[in-house]
Amino acid sequence: MEERQKKGGSLVFAVNGERFELPCVDPSTTLLQFLRSQTFFKSPKLGCGEGGCGACVVLVSKYDPKLKKVEDFSVSSCLTLLCSLNGFSITTSEGLGNTRDGFHSIHERIAGFHASQCGFCTPGMCMSFFSALVNADKGNKPDPPPGFSKLTSSEAEKAIEGNLCRCTGYRPIADACKTFAADIDIEDLGFNAFWKNGDSKQMKVSKLPPYDPTKNFNTYPEFLKSESTTNLDSLRYSWYTPVSIEDLQSLLNSNVTENGASFKLVVGNTGTGYYKETQRYDHYIDLRYIPELSIIKRDQAGIDIGSTVTIYKLISFLKEESKINFGSYGKLVSDKLAYHMEKIASPFVRNSASVGGNLVMAQKNGFPSDIATLFLGLCATVSLMTRHGLVKLTWEELLLKPPLDSRIVLLSVSIPFKKDQNSKFLFETYRAAPRPHGNALAYVNAAFQADVSLCQNGFLINYIRLAFGAYGTKHATRAKMIERYLTGKMLNIQVLYGALKLVKLAVVPEDGTSHPEYRSSLAVSYVFEFLYPFTDAHSALSGGLFNGINDTSVEKVLKSSKDGCISQGRKQTLLSSAKQVVESSTEYYPVGEPMKKVGAAMQAAGEAVYVDDIPSPPNCLYGAFIYSTKALAGVKGIQLESNQLTDGVAAVITFKDIPIGGANIGATRFSDPEPLFADDLVRYAGDRIAIVVADSQRSADVAARTALVEYDTANVDSPILTVEEAVEKSSFIQIPPFLYPKQVGDFSKGMAEADHKILSAEVRLGSEYYFYMETQTALAIPDEDNCMVVYTSSQCPESAHRVIATCLGVPTHNIRVITRRVGGGFGGKGVRAMPVSTACALAAYKLRRPVRIYVNRNTDMIMTGGRHPMKVTYSVGFKSSGKITALHLDLLINAGISEDVSPILPLSVIKALKKYDWGALSFDVKLCKTNLTSKSTMRGPGEVQGSYIAEAIIEHVSSSLLLEVDLVRNKNAHTFESLNFFYGNIVSVGEYTLPSIMDKLAVSSSFFKRREMIKQFNQKNTWKKRGISRVPIVHEVSQRSTPGKVSILQDGSIVVEVGGIEIGQGLWTKVKQMTAYALGLIESSWAEDLVEKVRVIQADTLSIVQGGLTAGSTTSESSCEAVRLCCNVLVERLTPLKNQLQEQNVSVDWPTLIRQAQMQSVHLAAHSYYVPESSSKNYLNFGAAVSEVEIDILTGETTILQSDIIYDCGQSLNPAIDLGQIEGAFVQGIGFFMHEEYLTNEDGLMVSNSTWTYKIPTIDTIPQNFNVHVVNSGHHKKRVLSSKASGEPPLLLAVSVHCATRAAVKAAREQLKQWDKLDGSVSEFYLDVPAILPVVKTQCGLDYVEKYLETLVAQKSNYTCINMDLK
């Protein structure tokens, strides 16, 4: 065996048709590490390193010489080991198409549907979809119409289910993908750059970039087919490929596994996404080439599944039409298993993750596996290879044994089928998770089977098996106590009620599990849903209580249980058609045109260069942060662990390495600088202690992760972690007087006028993480004369420039900071990016070598902070009509450890809160300094919280008065006069569009009609409830001073520089349009051609100064105005020349004019610095949204059925880009209000610090019907070409989803009241933010099912008593 392995060959594979042969490579190297460090293919991005985001997805193709077929599948390249790809072909997005060779139609359609913003996620998105496209077109479906593929719309959406996007809101991405679907109604697709109003269906199809499946991309090059793939030489690679079980057995008994040598059994390596590896194994054993382990066998007795079978292949097998041979039980099991397993992980993980690997992780590590629970529920057995031979056990027996020894190998799993007989077999599976379609661990999963017989008095349970998992226990378990209780019993309400009581005793999460009561309640819901259809109370059986029982079949009962009375949480629908209405203007053409985003196709192809895509210079080192895990402690020392993965460590940089004359400064915004590194005292969990610098990013990351920090907690005070503790210890950050908001009216007088009062009510809001797709990153390169060039992903490179120079103690002109584009920012790449670029520069300065840092996702989440948590205590007075007369707030804002930009928060909160006429408004605001990560700006900082607080108060008032909340909103809506009273005469006559927006929205969304329909729905449905809400926003923004520079080159091409940074918001596109418009004033007919001559280039702090901060939604318009000022100067210089040439009868076009200008020494560059007028730099934005949701009372799951938005963009600079900003902001707001749970431990350390535990919205959590109307409200003289902001205000509208959810919960509580089972008020309850599943179910009632059954028992008892009285 060993001799044969030694004679193996080299690692050979292809990337985008290019052959690679590696004589040797570290076997722990991933495909992504290789692609990004050893090739020029940069489209696969490192977004998480966990297989949880999709940014790194590529297509992998392998050739079967026997069948002469190519198998194509998508994988996470961050998890796929390079050595596992011997003889494979890899395709990345730039391999599909690119700038030089032409883009693929996927790239072009993504760009044309405005489906790429920051662009960091787009290449992975394209490859996920391309994989589905290739495989669909290889299928046996009928040929599609010309221009389409064999994909269905459903398959197109599912293809990108596992890919995350923080910018777009997914809707345009889904539409771009669905353009390829054969079954799509082209009229259902959204706004795009291809079609014009009035185009016929045929015309629309013809205008799409062509796609011909018969000429599909060749994913596997011919030269690779001719190469004989041999096993790798194990001496060079430490990679073994046994080809039989006997080979494997001898290998495990050889010296490979002796003398303490470590080894790893490998299939897909996806487990490393959950269990991070901090060591390199001595040997790797690839199990995929052992035929017995990769086979699925089936017969009437059951299914045998080899351990290396991938989850995808098992699903495909189960869905095959041949399963009709399994018998009724086999078909039932196959259907349920396949449906459930499609919700495990994501497509690109399922493609390589093995069934056996998943089970072994569950057995050895306690992984909360769905498959482990499913197989436990199905009485599965396993075959193991041990030193003593083959052993067969039940899966349940194996779960109860100690963790498997590494030499014991799981060979196969068997699922037995039951023979058809007179009784009826039932099988059902369950899971409730933060995301309905998967890519999220379940709160609880379950698999139940039962054998029931239909008797005269109902259903007899002959046998039942109940398996539960993922609820906070070491492994899946059987509820044997409940099984014994139910077996042999006739099922009725009393028996079911007794069983549910036992469920809560059996399913008890271990200490430390989040939401333990919810998980137990969820288990109750599952058992109820499984058994309730077979009780005497179900509609299929009641109707005279068992009259005609002999005519009722199990099938009818099961069918009737799907009538809406019982949860259908597992039945998903597609995204419905969405409508986008865009009102554009040609007044300032090409400004106002819905142009595609500049470089969108290039982003999709992966050619757009982000900081980490810049090739590493020679001798480059890599850094990773060591951070504190304590909130407040002394630091005694740091010790690095020594292992093979940390061999390349070059240095550990701390505050002691700051040069003489420099300063320990990592960030600054107002007056209080933030230290770069902790000195002898760490001040919060996540505090930067040091950076480890090594010869690879991986070595640095592992060294930092395994570093041991010795703390001293004996001589320090207890940390301040809450705002209450900060108040108690008077720990505050000063708010400058000019930033403290002004009170409105006389609060005491307003309270005296009130008929009712609510005193000292509380609202609490937690934090939120940015989750930009590109984490914090920087590259620092020492230059001549003690200078430094720093590339950074920053929203304010100018401030980073200043901080770096101060830290190093050098003149500012010695530092040059460059930012080309940012892969998502949302405020997190502002102040919070400065410490990363500064630490990078310090390490480069100290070591005199280039250093780059790409912060891994887990560290980024822990260190970066996020949105400000708040506690609000309010007192409000109001009339019986609902009109509020006075409001007072005590606002405690948790700023974290440093000042950052927190002083602006009070003003932001209060401004957003003022969207209603409170009569009088007073407040006391305190910025609390705590031992937590510094909180910073995050999209809509303060405004999101303020707008929500306003809605919470309105909801509270309406609840206490028992009035419709929409009525109370209208009662307190601003008049033109009250608006200017609250906001300080900021709105001119005719600019207050909110009242008309609210009226239009009520009509376009059919708000009042749907509200009545929802009332009827809620009366008819016990387990589903719906709610609807209409919410306005008033959002104040402020323009900033911004520089611009326009240069015209010799050939007439134009280079533009601005202070604003392209972070995905379309700034470059709007600037490009503005440049063409402004220069086109020389000759209006030139404007269209001028667009293509303009290039906006990267921000360079030594080229354009006073760049400022890209934030606050107004940088695009301010940059446009700065450019317009430049162009005005150039127009002034060039117009006389043009007139002179025309007088000489010279035919003048743009190139001629510029040539003549060059010859006559006309200066063709202009600088400007736009300074907005103080009287008009602030302005208000208006919008409104209606959202309708449906909640599942059994699970707490919320589905957003529809959202309708109308938003006033003024006269939009680019309505396509503004539409994207509106949708993307709204969906990000859904994340804050509904999904993103920011969890910390007792030290304040963030523990939901991965894609496994922190859940941003995905395609399956956005509104199923998403309608947006971008209003053109005409001229606004004081605005930039009458335009208004769109980046942040729409995010606030997502509170409509939360309010609608509250309305649905209220309906559930009303039902409890009807049963006389409600503890507390129907309407006066607080729904936490985010309203995740446990929050919703808790407010509906964790014992809702039990109360329902108690009500049925009571009704049945009364029914019996009435019958006895009649007798």
Side-chain angles (χ1 to χ4, degrees), residues 627-636 655 664 666-689 709 711-736 739-740 762-769 831-832 835 861-873 889-906 909 923-938 941-942 945 1237-1249:
Y627 56 82
S628 170
T629 56
K630 300 291 184 184
L632 190 62
V635 178
K636 289 184 174 181
F655 75 97
N664 187 9
T668 185
R669 190 62 195 160
F670 285 95
S671 58
D672 184 19
E674 178 183 325
L676 175 59
F677 292 122
D679 43 28
D680 296 322
L681 186 74
V682 292
R683 300 181 299 155
Y684 60 97
D687 198 355
R688 297 172 295 275
I689 297 174
V709 179
Y711 298 102
D712 178 9
T713 56
N715 301 310
V716 294
D717 296 331
S718 57
I720 299 169
L721 298 178
T722 65
V723 291
E724 291 86 353
E725 291 169 348
V727 170
E728 183 182 333
K729 296 185 179 180
S730 298
S731 177
F732 302 116
I733 292 170
Q734 186 177 359
I735 305 169
L739 287 176
Y740 198 88
E762 278 190 11
V763 169
R764 288 180 181 267
L765 291 165
S767 189
E768 181 186 19
Y769 168 65
V831 178
R832 303 323 314 153
M861 297 184 80
I862 285 169
M863 286 176 40
T864 306
R867 203 178 287 283
H868 290 74
M870 296 181 186
K871 177 188 175 185
V872 185
T873 306
L889 302 169
D890 290 308
L891 180 58
L892 299 176
I893 301 173
N894 195 329
I897 193 64
S898 67
E899 182 185 64
D900 201 288
V901 296
S902 295
I904 71 166
L905 261 288
V909 173
F923 38 79
D924 179 69
V925 186
K926 290 183 171 61
L927 278 180
C928 300
K929 184 174 182 177
T930 59
N931 296 106
L932 295 174
T933 51
S934 182
K935 305 307 172 188
S936 191
T937 53
M938 182 171 181
Q945 296 96 322
E1237 191 178 20
Y1238 192 105
L1239 299 175
T1240 57
N1241 66 11
E1242 64 277 4
D1243 283 303
L1245 183 75
M1246 186 185 188
V1247 292
S1248 52
N1249 65 325

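Nothing here was measured: the structure is a model prediction, and the numbers come from that model.
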Shortest non-hydrogen separation from Y740 to F923 and the atoms involved:
OH-O, 3.8 Å
For residues 627-635, which side-chain N or O atoms pair as donor and acceptor with protein atoms under 3.5 Å away, sequence neighbours left out?
| residue | atom | partner | partner atom | Å |
| --- | --- | --- | --- | --- |
| S628 | OG | K630 | N | 2.9 |
| S628 | OG | K630 | O | 2.7 |
| T629 | OG1 | Y711 | OH | 3.4 |

Working to the nearest 0.5 Å, report the span between OG1 of T933 and CE of M861.
11.5 Å
Looking only at heavy atoms, what is the nearest atom pair of V831 and S936, with distance?
CB-OG, 4.2 Å
Quick one: does I897's side chain get under 4.5 Å of N931's, heavy atoms only?
yes
Does the pair T873 and L889 meet the rule for a side-chain contact (heavy atoms from CB on, under 4.5 Å), with working shown?
CA-CA 6 Å; T873 306; L889 302 169; over 6 Å; no
Contacts of E725 that satisfy salt bridge (charged side-chain N to carboxylate O under 4.0 Å, His left out) - sequence neighbours left out
none
Could I get the full list of side chain to side chain donor-acceptor pair (under 3.5 Å) partners for E674, not counting sequence neighbours?
R688, R832, S898
Taking the side chain as every heavy atom from C-beta outward, state whether V925 and L927 have any atom pair closer than 4.5 Å.
no
Distance (rounded to the nearest 0.5 Å) between T722 OG1 and E728 CD:
8.5 Å
Could you work out, with side chain to side chain contact (heavy atoms under 4.5 Å, CB included) as the rule, every residue matching D672, not counting sequence neighbours?
E899
Kindly compute the distance separating CZ (F670) from CG (D900), expressed to the nearest 0.5 Å.
9.0 Å
N1241 meets the side chain to side chain donor-acceptor pair (under 3.5 Å) criterion, sequence neighbours left out, with none
Does atom CD (Q734) have a neighbourhood of more than 12 heavy atoms from anything else shown, all under 6.0 Å?
no
L932: side chain to side chain contact (heavy atoms under 4.5 Å, CB included) partners, not counting sequence neighbours:
L721, N894, T930
Which is it for M870 and L891 under the side-chain contact (heavy atoms from CB on, under 4.5 Å) test, yes or no, and what are the steps along the way?
CA-CA 7 Å; M870 296 181 186; L891 180 58; 4.0 Å; yes
Taking every non-hydrogen atom, the tightest pair across P906 and I893:
N-CD1, 4.1 Å
Between S767 and G866, is there a donor-acceptor pair closer than 3.5 Å when you use the side chain of the first and the backbone of the second?
no
Is there a donor-acceptor contact under 3.5 Å from the side chain of Q945 to the main chain of H868?
yes
Looking only at non-hydrogen atoms, find the nearest pair between T937 and I904 and report the distance.
CG2-CD1, 4.2 Å
What's the separation between atom CZ in F677 and atom CG in D687, rounded to the nearest 0.5 Å?
10.5 Å
Separation of K729 NZ from S718 OG (nearest 0.5 Å):
3.0 Å
Smallest separation among heavy atoms of R683 and P675, with atom names
NH2-CD, 3.2 Å
Contacts of T713 meeting side chain to side chain donor-acceptor pair (under 3.5 Å) (sequence neighbours excluded), chain-then-number -> none
Non-neighbouring partners of D717 that pass side chain to side chain donor-acceptor pair (under 3.5 Å), sequence neighbours left out
none
Identify the heavy atoms of A726 and I720 that sit nearest to each other, and give their distance.
N-CG2, 3.5 Å
Evaluate side-chain contact (heavy atoms from CB on, under 4.5 Å) for L1245 paired with I862, printing each intermediate quantity in order.
CA-CA 7 Å; L1245 183 75; I862 285 169; 3.6 Å; yes
With sequence neighbours left out, the residues meeting salt bridge (charged side-chain N to carboxylate O under 4.0 Å, His left out) with D924 are K926
Check whether any side-chain N or O of R867 sits under 3.5 Å from a backbone N or O of M938 as a donor-acceptor pair, and report yes or no.
yes
Look up atom OH in Y769 and atom OG in S1248, then write down how far apart they are to the nearest 0.5 Å.
11.0 Å
